[in-house]
Protein chains: 2
Amino acid sequence: MDDRIKTVLRTLIRNFIDSAEPVGSRTLSRLLDIDLSPATIRNIMADLTEYGFLEQPYPSAGRIPTEKSYRFFLDTCELDMELSEKTREGIEQRLMKKKGGLNHMLEEATRIISNETTFTGLVSSPRLSEARMRRVDFLRIDESRVYVVLITISNMIHNRIIEVSEELSQDFLDQVSGVLNEQFSGSLLSEVRSRMVESLMKDKDAYEEMLAQAVRVGKKALDLTEERELYVDGHFHMVEGFSGMDSIRKLLMALEEKMTIIELLDQTLTTPGLRVRISPSLANMALQECSVVASTYGGKDRALGTIGIMGPLRMDYQRVIPVVDYTARMLTEMICNQ
Amino acid sequence: MDDRIKTVLRTLIRNFIDSAEPVGSRTLSRLLDIDLSPATIRNIMADLTEYGFLEQPYPSAGRIPTEKSYRFFLDTCELDMELSEKTREGIEQRLMKKKGGLNHMLEEATRIISNETTFTGLVSSPRLSEARMRRVDFLRIDESRVYVVLITISNMIHNRIIEVSEELSQDFLDQVSGVLNEQFSGSLLSEVRSRMVESLMKDKDAYEEMLAQAVRVGKKALDLTEERELYVDGHFHMVEGFSGMDSIRKLLMALEEKMTIIELLDQTLTTPGLRVRISPSLANMALQECSVVASTYGGKDRALGTIGIMGPLRMDYQRVIPVVDYTARMLTEMICNQ
DNA sequence: CGTTAGCACTCATCACAGCAGAGTGCTAAT
DNA sequence: ATTAGCACTCTGCTGTGATGAGTGCTAACG
C-alpha cells in the first residue's frame, strides 16, 4: 500500500476518533500536510473503500473507518508510552494507599484505569494456579465441614468450605496444615497440589488411614477450579461511549456475565504484556461494536491476572494504551515487592 | 379525601405503572368500575392536581402521578405477599446452591432479586459490629505487619493487615487469638471489643508488657471501622427502566459511589423489615427519579445488612415488594441456620 | 348540588414538501 | 497522475397542515 494512502487513512481515522462523524474529502484535504485536492482524495478514498478499510453510512456522507482500519492503525502507529509526571504520580499514589489487601488494590486499580481512560475498567483476579502459597489453614466448622483459608504470597485470600465424609479433629487439621505450610510455603499452588502426596508420605508417624484422610482434605482444599473474580468500574462510561440504547443495554448485560468476560480477558494471559482486541467474539455473543485494551499483571513469567478497559472501537488508543500499560506495571510492581 | 377520589387516583396510578403514558379522563372513565363520565373525572383530576397528586407534562396531555401519589399508593394498597410456589422454589434453590460462602450467597441473592424484579439488585454486606465472632486468627507476615482473619458465625470472612510497632512472634499471636477464641467465640463483635481488656487481664501468667501488646493488637484487629461491601447486579435494567440517556448515566454513576449507596440502604437498618424509599435524597446528589425497595436480612433483633432493588418511580410495587421480602427472609433463614 | 354534554382551545405527533449543504462519482482538461 | 467542474444523492432542517388526544369552562340536566 502506497505511503501517501496510508497517511490519508491515518488522518481520517484520527479525525473520526475525536469527531465521531463521517469524514469527507474536503475536510481531509484541509487537514493533510501534503497538498492534495479533494478530488484526488476522493479517488484514494474510493480505493480504500474497495479494500475494505472505509465505509459509507449512506451514499454521499463522508467515510468512516472499519474494524480493519483500526487494526491497521494500531499496527502502524508509533506509540508514545510516556505519561505525564502528574498522571504517573497520581496512579502510583492511589495504588499505594490500598497496598496491603490485594482485593482493595485490584478494586482501586479498576477505578483508576476507568477514571484515567474514561472507559469502563476491568480487572480479573489472579489465577489461583499461578499464585504462590503463603499459608493454608483449616478450621473445623462441624463434623462434616471444614473451612479452608488460603493466603497467597501477594496476600490474596481465598476461602472455601469443603465437605468431608469423615469427622476430623481440629488437631488433625492443624497437623495437615502444619506440614503443608512447612513444606510448600512459597511454592506455586499447582506444584503444591501435585507434590502434596509425596510430601505427606514422608511423615512416617502418621497412620495409613490418617494419611489418606490428609490427602483427601488437601486435594479438596487446593482444588484449583478457578474461583475468579471480575472487578468492573465505570459502567456509566458505556453511556458516553456508545450511542444506541440497545447496544448500551447489550454491553451492560455482557459485563454481568462475569465468567465470559474473564475468559475474554484471559486470552491476553497467554502472551504476557499488552494486547488490544478489536470487536472480540465471545463464547456465544459477539461484541462487535467494542474493543478491549488489556494487559497482564503480576510477574513477567507467570501472569496472574488481567487489567484493562472496554470501550467503543473509536477510542483514542494512543492515549489509552500507555495508561493501561503503566497501571499494569505499577500493579505488578506493588504485588511483587511486598 | 373522598373514597371515590381515592379509587380514581389508584386506578390512574396503576394504569400509568404499566403503560408509562399520561392517563386521560376518557381512558380512566372506561377503566373505572364505577360509572363516571369523563367530565366528572376531569373535575376530580383537576382537584387532585391542585392537591399535588398529579402533574401534566404539557397542557392537554393526560396526567401522571407525582411522588406524593406513589407514597399514597403504597400507604393504602393492600399487598398480597404470597408468591407462586414456583417462584419461591426457584429463589430457595438458587440460594441453597451457594450456601456455604456468605459472599457467594450475597452475590447470588443480588442476582436473584434483580432477575425476579427486572430491576437493578443491591445488597450490602453485613455490618461487622452486629456480627458474631466464630474465630479470629493472626498470621505474622513480617516484623511490622500482621494478617488478621476474622470469621463470623455466618461464615463471612474478613481480613486485613494491621501494622504493629513492635515485633511479635507467631507464638505470641497464637496465644492472643487462643484467648480471644476461647472467651468470645459466639459473641457480638462489638462486645468482644469492649470486654477484651478484662478478659486478657485474667490471664495472670502474661507479663505486663505482653498484655499491653495483646490489647493493642486486639484493638486494631477488631477495629470496627465498617469495611462494607456493596453487591450490584443488573445494571442493564437501568436502561430499560429509565428513558433519558442522561438520567441513566447519572444513576449508573451513583451506583458506583458504593459508600453512598450503602448509607442509603443502611437507613433501612434502623427498623428491621421492608421499607420503600421514594426518590431518596443522598449525601450530595438526589436520586429524584427513582425509588428503592429494600429489606433487612440476618436476624430480627440485629439486622446484618440490606437487600433490595432500585428502579424507576413507576414500578409495579405490588409485584416487587413480595419478591424483595421473600428473598430477604430466605437469606436470613439460610444465614442463621447453618 | 353533583353530574354531564358540548364546545373551543392547546399541544404533541406525524407526514409531507422544499431547501441548503455536504459529499460523492464521473468526465474532461491540465 | 492530478485536478476542476458538474450532475447527482442523500441527510438534516424548517415550515405547514392535519390529526387526535385531552383539557377547561359553561350551561343544561336530574
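Labels below follow one simple rule: chain letters A, B, ... track the order of the sequence lines, proteins then strands, and each chain is numbered from 1. Only heavy atoms go into these numbers, but all of them, side chains included; no hydrogens, no water, no symmetry mates.
Interatomic distance, I44(B) CD1 to T7(B) OG1, rounded to the nearest 0.5 Å: 9.0 Å. Here the CG-OG1 distance, from L251(A) to T120(A), works out to 8.5 Å after rounding to the nearest 0.5 Å.
Listed by residue number, there are no residues of residues 11-19 of chain A with a heavy-atom contact under 4.0 Å to DNA chain C. Near-neighbour residues of DNA chain C inside residues 47-70 of chain A, defined by a heavy atom below 4.0 Å, number-ordered: Q56(A), S60(A), A61(A), G62(A), R63(A). Taking a 4.0 Å limit (strictly below) on heavy-atom distances, residues 32-39 of chain B does not reach DNA chain D anywhere.
Applying the salt bridge (Lys or Arg N to Asp or Glu O under 4.0 Å) test to residues at least two apart or on different chains, the pairs with a partner in residues 47-68 of chain B are E67(B)-R71(B). Residue pairs satisfying the side-chain hydrogen bond (donor to acceptor under 3.5 Å, both in side chains) criterion with at least one member in residues 81-90 of chain A, sequence neighbours excluded, are listed as follows: S84(A)-T87(A), E85(A)-R88(A). Applying the salt bridge (Lys or Arg N to Asp or Glu O under 4.0 Å) rule to pairs touching residues 15-24 of chain B yields nothing, sequence neighbours excluded. Screening residues 238-251 of chain A for side-chain hydrogen bond (donor to acceptor under 3.5 Å, both in side chains) gives H237(A)-E240(A), E240(A)-R249(B), R249(A)-E240(B) as the qualifying pairs, with residues at least two apart or on separate chains. Sequence neighbours left out, not one pair with a member in residues 1-17 of chain A passes salt bridge (Lys or Arg N to Asp or Glu O under 4.0 Å).
In this structure, I5(B) places its CD1 atom 11 Å from P of dG2(C), rounding to the nearest Å. Distance CD1 (I41(A)) to C1' (dG23(C)): 13 Å, rounded to an integer number of Å. Between the C1' atom of dA12(C) and the CD atom of E21(B) lies a distance of 12 Å, rounded to the nearest Å.
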One pair to check against side-chain contact (heavy atoms from CB on, under 4.5 Å): Y317(A) and I278(A). What are the steps and the verdict? CA-CA 11 Å; Y317(A) 296 97; I278(A) 305 272; 3.5 Å; yes

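Under the side-chain contact (heavy atoms from CB on, under 4.5 Å) criterion, A294(B) pairs with L265(B), T268(B), V292(B), T306(B), sequence neighbours left out. Partners of H235(B) according to the ring pair (Phe, Tyr, Trp, His ring centres under 6.0 Å) rule, which considers only residues two or more places apart in sequence or in another chain, are H235(A).
Two residues are said to be in side-chain contact when any heavy atoms from C-beta on lie closer than 4.5 Å; P65(B) and F72(B) fail this criterion.
Within 6.0 Å of the CZ atom in R26(A), the count of heavy atoms belonging to other residues, nucleotides or ligands does not exceed 12.
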Just distance, no hydrogens or angles: give the donor-acceptor pairs under 3.5 Å from side chains in residues 29-37 of chain B, sequence neighbours left out.
| from | atom 1 | to | atom 2 | distance (Å) |
| --- | --- | --- | --- | --- |
| S29(B) | OG | L36(B) | O | 3.0 |
| S37(B) | OG | A39(B) | N | 3.4 |
| S37(B) | OG | T40(B) | N | 3.3 |
| S37(B) | OG | T40(B) | OG1 | 3.0 |

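Taking every nucleotide of DNA chain D with any atom under 4.0 Å from a non-hydrogen atom of chain B, the first and last of them, 5' to 3', are dA21(D) to dG24(D).
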